Amino acid sequence: MSTPPASGPARRLALYALIVCVLSVAAAVVSFVRGSWLGIVWILLAGLSSNMTWYYARRGRTGRSGSVSG
């Protein structure tokens, strides 16, 4: 019995991660403009969500539910 491809949920997760990435970059810009060093945390969150976006986009493109190989 084969499992259905995970392209739907993976693409949706990639979209959510992209939205989080864009919002965290905007929050970092606002934070740095106001003179707060809290923007560093927002930059780290942007990096993490960017990696998640690439992972889930690639997983959704291949249609596999397993891990992504190099």
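Since the model is a prediction, treat every value here as computed from it, not as a measurement.
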So, taking the atom named CH2 in W54 and the one named OG in S49, what distance separates them when rounded to the nearest 0.5 Å?
13.0 Å
Is there a path of hydrophobic side-chain contacts, each under 4.5 Å between heavy atoms, that joins L38 and L45?
yes
Specify the closest pair of heavy atoms between R11 and R61, including all atoms of both residues, with the distance to one decimal.
NH2-CA, 4.5 Å
In one Ile/Leu/Val/Met/Phe/Trp/Tyr side-chain cluster, 4.5 Å: L13, L48
yes
If you define the side chain from C-beta out and look only at heavy atoms, does anything of F32 sit under 4.5 Å from I43?
yes
Is V41 reachable from L23 through a run of hydrophobic residues whose side-chain heavy atoms are each under 4.5 Å from the next?
no
I'd like to know if the side chain of S50 reaches the main chain of A46, judged simply by a donor and an acceptor atom lying under 3.5 Å from each other, with no hydrogens or angles considered.
no
What are the two closest non-hydrogen atoms of A28 and W42, and how far apart are they?
CB-CB, 3.6 Å
Does L18 offer a backbone N or O that forms a donor-acceptor pair with the side chain of T53 under 3.5 Å?
yes
